[in-house]
Amino acid sequence: MVKLTTLFFRNASEGISMYMTNEEWEQNNQDYLKESYEETGFTTGGYAIRKLICGGCGRVFYTTIYTKKYCHSYWCGNQANNRRQREYRQMRRQDLVCQCCGEKFTPERAGARYCSNACRQKDYRKRVTDAASAQNEHLVKRNASAK
């Protein structure tokens, strides 16, 4: 979430004004924040500077925004969220039993029913031949009753 507070800069020679959020300012001035943090400890200009490790990419960054967890809130936040969801889904997966050979396996995806491609193919071939033989039995019985 981008903080709504903005900093206002005016370039007098060009007459251009630029709005910059606190987050953008911090991204552009990491060297200044690092120097201030190392010199004064935790405060500069009345703001507490925190040294954090980004939850998304693992980089060290400095911030005065007390709710900030990521160095680039959108990209790193999405990366961290994806990682958490992937770990949660992996944790929820249980060992399943293969429908073909009966062996226990840890599925790679949620809807897995077979431990390998070989078992999946073997079970498919079995189903197809069973269906075909059932059709043939019906024809054999019909032909036998016609005679």
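Throughout, numbering of the chain's residues begins at 1 and tracks the sequence.
Taking the side chain as every heavy atom from C-beta outward, Lys68 and Glu26 approach each other to under 4.5 Å. A heavy-atom distance below 4.5 Å is found between the side chains of Asn81 and Arg84. Looking at heavy atoms from C-beta onward, Thr64 lies in side-chain contact with Leu33 at the 4.5 angstrom threshold. At least one side-chain heavy atom of Trp75 sits under 4.5 Å from a side-chain heavy atom of Cys57. At a threshold of 4.5 Å between non-hydrogen side-chain atoms, the residues Asp31 and Lys34 do not count as touching. Residues Glu108 and Gln90 form no side-chain contact, since every pair of their non-hydrogen atoms from C-beta on lies 4.5 Å or further apart.
Legend: residues meeting side-chain hydrogen bond (donor to acceptor under 3.5 Å, both in side chains) with Gln85, ordered by chain and number and at least two apart, are absent. Evaluation of the ring-ring contact (aromatic ring centres under 6.0 Å, His included) rule for Tyr62 yields Tyr37 as partners, not counting sequence neighbours.
The two residues Cys71 and Cys54 have their closest heavy-atom pair at N-SG, 3.3 Å. A pairwise comparison of heavy atoms in Arg50 and Thr67 identifies NH2-N, 4.2 Å as the closest pair. What you find for Gln79 and Gly56 is that their closest heavy atoms are CB-O, 4.4 Å. Closest of all the heavy-atom pairs between Ile53 and Phe61 is C-CE2, 4.2 Å.
Ile49 is connected to Trp25 through a chain of hydrophobic side-chain contacts under 4.5 Å among Ile, Leu, Val, Met, Phe, Trp and Tyr, so both are in one cluster.
Open room surrounds CD on Glu103; 12 or fewer heavy atoms of other groups in view lie less than 6.0 Å from it. More than 12 non-hydrogen atoms from other residues, nucleotides or ligands lie less than 6.0 angstrom from CZ of Arg83.
Note that the CZ atom of Arg113 and the SG atom of Cys119 stand 12.5 Å from one another [nearest 0.5 Å]. Atom CG of Asn22 is separated from atom CG of Asn29 by 11.0 Å, given to the nearest 0.5 angstrom. Rounding to the nearest 0.5 Å gives a distance of 11.5 Å between CZ of Arg125 and SG of Cys100. For the atom pair Asp95 CG and Cys115 SG, the distance stands at 12.0 Å (nearest 0.5 Å). If you take CD on Gln30 and CZ on Arg59, they are separated by 8.5 Å, rounding to the nearest 0.5 Å.
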Run the numbers on Val60 and Lys51 for side-chain contact (heavy atoms from CB on, under 4.5 Å), then give the verdict.
CA-CA 7 Å; Val60 174; Lys51 178 180 178 181; 3.6 Å; yes
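With respect to Asp130 and Lys126, no salt bridge is recorded, no charged nitrogen being found less than 4.0 Å from a carboxylate O.
The hydrophobic cluster containing Phe105 also includes Leu96, under a criterion of side-chain heavy atoms closer than 4.5 Å among ILVMFWY residues, counted directly or through chains of members.
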